[in-house]
Amino acid sequence: MTALPATPAPAPSGAGARTKIFTGPRILAGDGTEPEALAVRSGWIVAAGTRHDLRSAFPKAEEVALDGALVVPGFNDAHCHPSQAALARVRVDLNTLPNAGAVLSALRRQARRTPPGQWVVGQPLDERRVGVLDRDMLDQVSDSHPVLVVHYSLHRAVANSAGLAALGYRSPADAPPGGQLGVRADGRLDGHLVERAWLDPWLPGTGASSIAPYGTPSAQQAALKDVIAELHACGITSFCDALVTPAEQELYARTLAAGELTARVGMLLWHSYADPERLPGDGPDPLRLRTVGVKMMLDGALSGGTCLCRSPYPSATGTGNGLQILGDDEFTATVRAIDAAGGRVAVHANGDQAVQTVLDVIESLPRSGTRHRIEHCSLIDDSLAGRIARARLITVPFGPFVTLHGEKLLDYYGDRVDHICAHRTLRDAGIVVAGSSDYPLAPPDPLLAIRSLVTRTTAAGTTVGAGQRIGPQDAVDVYTRGSAAASDDESVKGTLAVGRLADLAVLDTDLTAAEPDALSEIRVRSTWVGGECVYTSRR
Ligand SMILES: [Zn+2]
């Protein structure tokens with residue numbers, strides 16, 4: 001997890017290194033400059049200035065006239081789950097199924113192809129579309145296969161009777177710490193598994209085998225390519241995959257070795273696979289693929305109403321304050337061990353109580369240069385923001401959640417929404433704020449997130465915490481420079497300055513002049529990674 005060199009390796013200038021000059025629409029370089037043209041060689045920006053000057057300096061260069069209205073640095077989604085999205089497609093893919101009947105039929109087909117006793121897994125479950133599933137319904141799929149349907153939030157799942165038996169769950173008391181088992185009025189388990197009740201067998205750690213089926217390597221790789229192509233179509237050139245195990249690390253490494261990893265990928269390794277004595281080092285091409293930290297999950301979900309808050313709210317768990325997933329002792333010991341080994345922790349903490357716990361532990365560490373991350377960091381106040389700034393923590397709050405879930409946030413958290421997804425408070429405190437969709441929990445489109453950050457209104461027009469609004473260029477800054485800093489990449493990414501990678505997105509509208517509500521309608525014309533086109537809206 002070593003940091004990248006502060007200055008990039010010089011681009012080769014000899015034979016074979018061809019220079020391109022990018023011209024066309026307005027270029028917002030992200031560092032306050034607006035060069036008319038960019039010269040690119042071997043993937044790096046080697047000069048910026050007027051078209052005339054660059055043409056004189058590089059007379060043999062190929063000119064690329066970009067089609068569109070605005071060029072911005074390529075978007076960087078600092079917390080999303082592309083490998084989980086890809087692997088969901090090699091399991092029973094529930095994405096487009098219209099109702100519970102279709103879900104059960106698809107699972108039954110998979111059960112017929114699966115040896116008895118092996119897991120049949122479908123995802124993502126979206127109850128808004130297919131309704132609520134339970135153990136009895138999944139028992140109609142098979143009584144000789146354990147069956148699991150995983151909610152799109154990755155915070156809960158539903159199992160059939162064979163699944164509950166395979167996991168050793170007979171009564172509510174069998175739930176592990178940090179997990180819950182759903183129970184019917186008559187005391188019988190209803191099949192619902194919350195947080196660690198399904199997550200521990202799904203991500204069991206080094207040496208144990210997961211209940212998750214992984215499909216064939218070629219099916220995995222094809223699905224990952226499709227997912228990355230969809231991200232490129234949103235202008236995304238870099239992302240940090242916020243949950244990998246060795247299986248997903250291997251999938252990315254294979255894709256890189258095949259020359260098919262068109263995005264730049266950072267990875268957060270799930271803590272139960274991270275050995276402090278042997279933290280992953282940089283691979284063969286760290287500008288394409290590297291591990292940037294160790295992921296832990298301290299509390300529940302923001303839009304699911306399970307995050308850990310200081311004061312009570314109508315939480316979905318019925319516990320009053322939400323759910324703590326990792327116990328204090330295990331959390332503290334893991335943070336200390338990773339920090340002592342020179343690694344970065346990236347802690348999922350949504351509620352203000354969870355954020356406070358992260359700060360308590362990090363403030364107690366011996367001083368080191370490592371800048372740890374708080375993933376989501378959803379509910380804060382000025383005092384927590386001050387502590388985050390002093391500890392030089394990086395925050396990775398949700399981008400599009402106010403537009404997507406604003407009404408639900410109001411229902412759960414009331415007036416506290418003024419301090420949820422607090423981009424303005426965090427930026428004003430001088431804290432690094434990265435952009436994040438949490439895809440596939442939300443659409444990956446950064447322009448939807450930018451609309452949310454700028455308007456703080458829902459799709460239905462409800463305003464949620466207007467005091468947290470930021471301007472459109474600041475929102476772009478979150479999704480470019482902020483995200484680059486969240487993986488120590490600010491020396492090579494995040495702006496279109498000389499010496500940075502030529503990663504850029506071309507938009508069909510100048511977002512600085514767009515109506516705020518219409519920001520999410522802006523489309524990407526083309527996306528470029530290292531000066532190579534990875535997406536164009538033209539066929
Ligand atoms: Zn996540």
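Bear in mind the structure is a predicted one, so any value in this text is a computation, not a measurement. Start at 1 and go down the list; that is how both ligands and their atoms are numbered.
Ion pairing between a basic and an acidic side chain is recognised when a charged N comes within 4.0 Å of a carboxylate O; Arg424 and Asp418 show no such pairing. One finds no salt bridge joining Lys295 and Glu375 here, because no Lys/Arg side-chain nitrogen approaches an Asp/Glu carboxylate oxygen to under 4.0 Å.
Only protein atoms were considered; those of element N, O or S under 2.8 Å from the Zn ion (ligand 1) number 3.
Using a 3.5 Å distance cut-off with no hydrogens or angles, the side chains of Ser83 and Asp241 do pair a donor with an acceptor. A donor and an acceptor atom, one from each side chain of Ser436 and Asp438, are nowhere located under 3.5 Å apart.
Test Thr455, Val476, Val478, Asp474 against Ile450 for side chain to side chain contact (heavy atoms under 4.5 Å, CB included) and you get one pass: Val476.
Cation-pi contact between Arg288 and Tyr252: absent, since separation from the ring centre below 6.0 Å together with deviation from the ring axis within 45° is not met.
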